[in-house]
Amino acid sequence: MNENELMAELLLPDIKKTPEFYEALYPARKLPEGARVTRIAPSPTGYLHLGTLFAALVNRITATTSGGIFYTRIEDTDKKREIEGGIDDIIDGLNRFGISIDEGFVSGSQETGEYGPYKQSARAEIYRTYVKALIQKGLAYPCFCTAEELDQTRKIQEGEKLRTGYYGKWAKHRDITYEQAKALINGGKPFVVRLKSPGSEENKIIFEDVIKGKIEMPENDEDFVLLKSDGIPTYHFAHAIDDHLMHTTHVLRGDEWISSVPKHIQLFKILGFKIPKYGHISPIMKSDNGAKRKISKRKDPEAAVRFFAEQGYDSECVINYLMTIAASDFEDWRRANPDESYKKFKFNLKKMSVSGALFDENKLIDVSKNMIAKLSSGEVFTRLCEWAKEFDPEFYAVLTEDADYTKRVLAVDRDVAKPRKDIAKWSEAKEYFAYFFEDLYKPCVEMPENIAANDAKAFLTEYKAVYDPADDRQEWFSKIKEIAPKIGFAAETKEYKADPDKFKGHAGDLSTVLRISVTGRRNTPDLCGIMQVLGKDECIKRIENAINSI
RNA sequence: GGCCCGGUGGUCAAGAGGCCUAAGACACCGCCCUUUCACGGCGGUAACACGAGUUCGAAUCUCGUCCGGGUCACCA
């Protein structure tokens, strides 16, 4: 054995396999030409984040449009920051938003696929095998520096205004000998394994980012850590091994990774792996006192995807909004294909924005209103109940007490040619439909200032006598028009506008009186339709109540 | 501070040297339609960060300045 081989044996004596074993275990995927293999690799250090959802969407749709595979991999190499239930929350969240997963973790506890395990903590032996091979070739070495020592050199570098890091002459253990290492290990010293970087800062590397375009950076010359002292790899190393073995073709991740690309490219080259295509996704930003900053888990409630669920934003609407951010041509496509699933959209990574977009709730509201307006009342019923069941059980009870009635309520101004665009999120529905339900209805008979109480009373009394729930909209309104002149109101709005002084108001004002009496609201959808749903008895009751309390 | 990336209305954005008197969407404002509110229709306010250069011609190419973002861990 030569010195390098001795070193490898000293550092990783338990590793008996070779990289060839794993290369054979995970052969290339049999996929059609041009199929893209993508993935997200969340770490279970918190709940599903908007940025993660966004990245998942972009990865999912690039795999879909190319006939490829999208898989999930759990990056749980940092045991210190891991939180309980993190995996479940992330994967369940993806499922909830309709992001289907072909392979890897498909639920919090279940994984599928031929390229597993899909959890890094279960892959330790694989990483260590590759590290050992690197040491054998003299391409990696042990480093015994303590956190304090590293801190010390960083301070010196800062003092001298030098680039910080473990490189060049600062790489203390770069040339450590087998004998030296052996002595330290026998002395019980912990160590990490570092890459013996062959790079130089003088050299430039150029790579084509599939989203951002051509990027030029100095070559990596840092002897960064491959294996931490607990024997677990760093992200960089795990990324190279996993994405190679799992045959990822496109690494689409947050652009906070862009500065690590030189490290990654170097690693792939040294390991003899084919370099995947990289695409770096700009973060979703948030405006904070005029300043623009990346949306943050700690400060912003909407950073956790759960926020949208609680608010009652429909998951499909959120995805469609995210698509408008992901692809500048998505809105045009949506207008041209109003009924297609977003999955049919021909997504092009090059159309992605290079700079981060501000999260725009107004736009989300607009997208949501448009989408919800297109739903049938049955579909609205299903989704509303689904939401209420989880987030507003009381309302859920009201909605499901008489499902047929509720469906008729939801059908007002909905299953028609031009449905209302009124609801943006399910949490608004309770307030919006309250007057339909005994338990939620709060009578209010406060009439507009321009209508005298006597006139209101007189109108309601007359109207009550002729009211017929069988009337269609036209008949319904003509009855109001017939009463109008009798109490000094214009039957036609135009009449009134032509000479306002001649009238106390117009038929429209009287319909407002009726509206308030029946619903307690000044604004509602089509009143005639509402009264039909409410039924004769209820309407009469409410009208009488109004007459008595004005 | 070093290294990257970016900068078109309030927001998202089209834009590849002449088609730019700069599109569209959201938001906002006005008018019309209208049983209210919406919807819809019509219209309006509002932008190429700044300075040099290249060119007959620059939002577009180059350089500089300024501003914003990211990153510089045994975190991902």
Side-chain angles (χ1 to χ4, degrees), chain A residues 41-46 75-78 80-81 120 143 145-147 150-151 154 157-158 161-166 190-194 201 209 212-213 215-218 222 224-236 238-239 253-262 280 282-283 285 287 291-294 321 324-325 328-332 334-335 351 353-367 369-370 373 413 416-422 448 473 476-477 480-481 493 506-516 519 521-528:
Chain A
S43 60
T45 53
E75 310 237 320
D76 59 343
T77 55
D78 185 3
K80 292 187 287 281
R81 299 198 313 155
Q120 291 181 335
C143 166
C145 287
T146 61
L150 260 14
D151 213 42
R154 189 174 44 80
Q157 289 168 329
E158 278 169 359
K161 295 205 187 304
L162 292 169
R163 190 161 50 93
T164 58
Y166 198 91
F191 65 92
V192 300
V193 178
R194 287 182 184 271
E201 220 218 351
D209 187 287
K212 304 222 181 212
I215 293 173
E216 188 176 323
M217 278 195 211
E222 278 185 57
F224 60 92
V225 173
L226 266 20
L227 220 52
K228 297 186 265 186
S229 56
D230 57 5
I232 292 174
T234 56
Y235 169 85
H236 303 117
H239 153 55
R253 71 252 281 190
D255 76 356
E256 68 270 20
W257 287 111
I258 210 159
S259 56
S260 317
V261 171
H280 293 274
S282 306
M285 316 283 279
S287 178
K292 209 175 166 186
R293 51 149 239 260
K294 194 170 161 178
Y321 167 64
T324 68
I325 298 184
S328 59
D329 50 345
F330 180 74
E331 278 187 89
D332 286 338
R334 173 50 81 210
R335 255 188 296 280
K351 288 274 184 185
S353 170
V354 205
S355 49
L358 237 32
F359 176 79
D360 185 354
E361 194 165 2
N362 272 329
K363 194 82 182 184
L364 207 211
I365 288 171
D366 180 64
V367 169
K369 281 187 176 173
N370 277 301
D413 269 6
V416 293
K418 273 172 50 174
R420 294 177 69 82
K421 295 184 182 174
D422 40 15
R473 288 178 68 156
W476 174 88
F477 193 46
I480 294 173
K481 285 183 185 176
T493 315
H506 56 86
D509 294 324
L510 295 175
S511 73
T512 299
V513 171
L514 219 208
R515 171 170 286 110
I516 293 173
T519 67
R521 300 279 177 81
R522 284 193 181 200
N523 314 326
T524 70
D526 173 45
L527 223 207
C528 173

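Letters A, B, ... mirror the listed sequences (proteins, then strands); counts begin at 1.
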Asks: Measure from CE on Met217(A) to P on C3(B) and round the result to the nearest Å.
Replies: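 So the CE-P distance, Met217(A) to C3(B), works out to 12 Å.
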Asks: Please name all residues satisfying side chain to side chain contact (heavy atoms under 4.5 Å, CB included) with Asn362(A), sequence neighbours left out, ordered by chain then number.
Replies: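 Checked Asn362(A) against side chain to side chain contact (heavy atoms under 4.5 Å, CB included); matches are Asp360(A).
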Asks: Choosing from C4(B), A76(B), C26(B), which nucleotide comes nearest the side chain of Pro218(A)?
Replies: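 Looking only at side-chain atoms, Pro218(A) lies closest to C4(B).
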Asks: Is Cys143(A) touching bases, backbone alone, or none of the nucleic acid, heavy atoms closer than 4.0 Å?
Replies: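 Nothing: the residue Cys143(A), judged by heavy atoms under 4.0 Å, touches no strand.
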Asks: Is Lys80(A) near enough to C74(B) that one of its side-chain N or O atoms lies under 4.0 angstrom from OP1 or OP2?
Replies: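 No, outside the criterion.
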Asks: Expressed in angstrom and rounded to an integer, what is the separation of Glu201(A) atom CD from G2(B) atom C1'?
Replies: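 About 8 Å, once rounded to whole Å.
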Asks: Taking 4.0 Å as the cut-off, does a side-chain nitrogen or oxygen of Lys363(A) come that near to OP1 or OP2 on G24(B)?
Replies: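 For G24(B), OP1/OP2 do not have a side-chain N/O of Lys363(A) under 4.0 Å.
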Asks: Could you pull out all residues at least two apart from Ser282(A) that satisfy side chain to side chain contact (heavy atoms under 4.5 Å, CB included)?
Replies: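 Once residues adjacent in sequence are excluded, the partners of Ser282(A) under the side chain to side chain contact (heavy atoms under 4.5 Å, CB included) criterion are Lys212(A), Asp255(A).
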Asks: Do His236(A) and Leu226(A) make a side-chain contact, defined as non-hydrogen atoms from C-beta onward lying under 4.5 Å apart?
Replies: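 No, every pair of side-chain atoms sits at 4.5 Å or beyond.
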Asks: Specify the separation, in whole Å, of atom CG of Asp209(A) and atom C1' of C4(B).
Replies: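 Going from Asp209(A) (CG) to C4(B) (C1'), I get 12 Å.
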Asks: Describe, in one word, how the ring planes of Tyr235(A) and Trp257(A) are oriented to each other, choosing from parallel (under 30°), tilted (30 to 60°) and perpendicular (over 60°).
Replies: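 Because their plane-to-plane angle is under 30°, the rings of Tyr235(A) and Trp257(A) count as parallel.
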Asks: First locate atom CZ of Phe224(A), then atom CZ of Arg194(A), and finally report the distance between them rounded to the nearest 0.5 Å.
Replies: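 Here the rounded value is 10.5 Å.
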Asks: With heavy-atom distances below 4.5 Å as the criterion, would you say the side chains of Trp476(A) and Leu527(A) are in contact?
Replies: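 Result yes, sub-4.5 Å side-chain heavy-atom pair found.
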Asks: Sugar-phosphate means primed atoms, P, OP1 and OP2; the rest is base. With that split, encode nucleotides 60-73 of chain B 5' to 3' as B, S or - using protein heavy atoms under 4.0 Å.
Replies: --------SSSSSS
Asks: Is any side-chain heavy atom of Lys363(A) closer than 4.5 Å to one of Ile325(A)?
Replies: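 Not touching, per the 4.5 Å side-chain cut-off.
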Asks: Please state how far atom CG in Asp76(A) lies from atom P in C75(B), giving the value in whole angstrom units.
Replies: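 Checked: the CG to P distance equals 13 Å.
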Asks: Report which part of the nucleic acid Leu358(A) touches: base, sugar-phosphate, or nothing (heavy-atom distance under 4.0 Å, all strands).
Replies: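 Leu358(A): backbone/sugar contact only, no base atoms under 4.0 Å.
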Asks: Taking only residues two or more places apart in sequence or in another chain, which ones pass side chain to side chain contact (heavy atoms under 4.5 Å, CB included) with Pro525(A)?
Replies: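 Only Val412(A), Asp413(A), Arg420(A), Tyr432(A), Tyr435(A), Ile530(A) meet the side chain to side chain contact (heavy atoms under 4.5 Å, CB included) criterion with Pro525(A).
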Asks: Tell me: NE2 of His239(A) to P of C75(B), nearest whole Å?
Replies: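 The distance from NE2 of His239(A) to P of C75(B) comes to 17 Å, rounded to the nearest Å.
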Asks: Quick one: label Thr77(A) by what it contacts on the DNA or RNA (base, sugar-phosphate, nothing), any heavy atom closer than 4.0 Å.
Replies: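 The answer is sugar-phosphate, as Thr77(A) gets under 4.0 Å only of primed atoms, P, OP1 or OP2.
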Asks: Do any N or O atoms of the protein come closer than 3.5 Å to N or O atoms of nucleotides 13-17 of chain B, and which pairs are they?
Replies:
unit_1 : atom_1 : unit_2    : atom_2 : d
A13(B) : OP1    : Ser353(A) : OG     : 2.8
A14(B) : OP1    : Ser328(A) : OG     : 3.0

Asks: Across the strands shown, which category fits Ser43(A) at heavy-atom distances under 4.0 angstrom: base, sugar-phosphate, nothing?
Replies: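 Sugar-phosphate contact only.
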Asks: Would you mind building the protein contact string for nucleotides 31-40 of chain B? One character per nucleotide, 5' to 3', B for base within reach (heavy atoms under 4.0 Å), S for sugar-phosphate only, - for untouched.
Replies: ---BBBBBBS
